[in-house]
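Beneath this line is the structure, given in structure tokens, with notes to follow.
Chain letters run A, B, ... following the sequence lines, proteins first and then strands; every chain starts at 1. What you see below is based on every heavy atom in this structure, not just the backbone, and it leaves out hydrogens, waters and symmetry mates.
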Protein chains: 2
Amino acid sequence: MDKIFKALASEPRRRILEYLAVEPMTVGEIADNFEMAMPSISKHLAVLKEAGVVREQKRGQYVLYTLMTEALTGQLYGFLAPYCGEARRIVEARPKRRGRD
Amino acid sequence: MDKIFKALASEPRRRILEYLAVEPMTVGEIADNFEMAMPSISKHLAVLKEAGVVREQKRGQYVLYTLMTEALTGQLYGFLAPYCGEARRIVEARPKRRGRD
DNA sequence: GACGTAATTTGCTATTTAGCTAAATAGGAA
DNA sequence: TTCCTATTTAGCTAAATAGCAAATTACGTC
């Protein structure tokens with residue numbers, strides 16, 4: 001729980017998720033949307049990966065990052081469950097995937 | 001959006017919300033559940049208030065803090081909406097309250 | 001008024017985080 | 001091999017955050 005909220009507590013990281021919601025992208029493609037230098041983007045991606053909301057795949061010399069939507073929403077619904085019946089129902093209804101993907 | 005994720009990116013602050021989910025409490029009562037000194041708790045509460053997820057009411061020399069459940073869940077569903085149809089439906093179904101309360 | 005308790009504000013230190021540039025690693029092309 | 005491009009890692013600095021103790025404010029009681 002801590003990792004995901006730390007990950008989301010950053011404007012640039014939330015923006016990265018928006019981009020990845022459209023389609024998987026390489027680090028360079030993502031970086032093109034920011035003023036920031038590439039190493040900074042790379043670091044942000046590592047944080048998102050650590051939080052389990054994106055996945056990385058080597059594609060030759062490129063690294064492709066993919067949004068793991070279910071992991072993102074699942075964790076947040078998990079947090080919301082104690083506060084909200086709708087969230088409890090959603091958590092209940094979802095199969096518990098374990099980082100296969 | 002930034003304020004709420006910054007607010008939630010802290011273990012102690014998330015714990016405070018759990019306590020307040022049970023019932024409204026004074027700063028002292030909340031602080032009794034932590035090792036932390038009261039000024040630190042007071043600061044955490046200010047952050048949560050700034051994020052719009054708790055409300056404070058003066059009660060004589062005490063200050064009573066109350067969880068604003070709808071504000072908490074509403075903001076998170078707002079974030080989730082682009083990633084999840086269920087969240088979109090929930091956001092859609094809810095009346096947009098504006099910080100009355 | 002003076003005193004005691006509740007809470008916040010102030011001033012400080014230590015830690016973490018975000019960003020940078022430069023250097024290292026890894027793969028593809030010549 | 002050598003060169004070029006993509007990405008990550010290292011090493012750094014500036015800024016933000018979390019905690020504390022001490023001081024201040026606010027209220028209630030004597």
*Check side chain to side chain contact (heavy atoms under 4.5 Å, CB included) between Gln57(A) and all other residues, then give those that pass, not counting sequence neighbours.*
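For Gln57(A), the residues satisfying side chain to side chain contact (heavy atoms under 4.5 Å, CB included) (neighbours in sequence not counted) are Arg55(A), Arg59(A), Leu64(A), Thr66(A).
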
*Residues in side chain to side chain contact (heavy atoms under 4.5 Å, CB included) contact with Ala46(B), at least two apart in sequence or another chain*: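 Scan of Ala46(B) (side chain to side chain contact (heavy atoms under 4.5 Å, CB included), adjacent residues dropped) gives none.
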
*Cluster link Met68(B) to Val91(B), ILVMFWY, side chain under 4.5 Å*: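 In one cluster with Met68(B): Val91(B), no.
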
*Specify the separation, in whole Å, of atom NZ of Lys6(A) and atom C1' of dT17(D).*
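Interatomic distance, NZ of Lys6(A) to C1' of dT17(D): 10 Å.
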
*Protein-nucleotide distance (Ile41(B), atom CD1; dA21(D), atom P), rounded to Å*: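 Atom-to-atom, Ile41(B) to dA21(D), this comes out as 13 Å.
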
What pairs of donor and acceptor atoms, side-chain ones from residues 14-25 of chain B against any protein atom, are under 3.5 angstrom apart with sequence neighbours left out?
from: Arg14(B); atom 1: NH1; to: Asp2(A); atom 2: OD1; distance (Å): 3.3
from: Arg14(B); atom 1: NH1; to: Leu8(B); atom 2: O; distance (Å): 2.6
from: Arg14(B); atom 1: NH2; to: Asp2(A); atom 2: OD1; distance (Å): 3.0
from: Arg15(B); atom 1: NE; to: Tyr19(B); atom 2: OH; distance (Å): 3.4
from: Arg15(B); atom 1: NH2; to: Tyr19(B); atom 2: OH; distance (Å): 2.9
from: Arg15(B); atom 1: NH2; to: Asn33(B); atom 2: O; distance (Å): 2.7

_Using a 4.0 Å cut-off to any heavy atom of chain B, which nucleotides of DNA chain C are the first and last in contact, reading 5' to 3'?_
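Using the under 4.0 Å cut-off, the span is dG4(C) to dT9(C).
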
*Close side-chain approach of Val63(B) and Thr26(B), heavy atoms under 4.5 Å*: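 They are not in contact (no side-chain heavy atoms under 4.5 Å apart), so the answer is no.
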
*ring-ring contact (aromatic ring centres under 6.0 Å, His included) involving Phe79(A) - partner list, sequence neighbours excluded*: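 Listed in chain order: Phe5(A), Tyr83(A).
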
*Enumerate the residues from residues 15-37 of chain A whose closest heavy atom to DNA chain D is under 4.0 Å, giving them by residue number; use none for an empty result.*
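When residues 15-37 of chain A is checked for heavy atoms under 4.0 Å from DNA chain D, the hits, listed by number, are Thr26(A), Val27(A), Gly28(A).
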
*Have a look at the helix from dG1(C)-dC30(D) to dA30(C)-dT1(D) and give the angle its two end axes make, five pairs each, rounded to 10 degrees.*
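The angle separating the two end axes equals 10°.
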
*According to the salt bridge (Lys or Arg N to Asp or Glu O under 4.0 Å) rule, which pairs have a member within residues 83-93 of chain B, sequence neighbours left out?*
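Salt bridge (Lys or Arg N to Asp or Glu O under 4.0 Å) check on residues 83-93 of chain B returns Arg94(A)-Glu86(B).
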
*Could you list all the side-chain hydrogen bond (donor to acceptor under 3.5 Å, both in side chains) pairs where at least one residue sits in residues 39-54 of chain A, not counting sequence neighbours?*
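Found Lys3(A)-Glu50(A), Arg13(A)-His44(A), Lys49(A)-Glu56(A).
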
Below 3.5 Å is the cut-off: list the nitrogen or oxygen pairs between protein and nucleotides 25-30 of chain D, distance only.
none

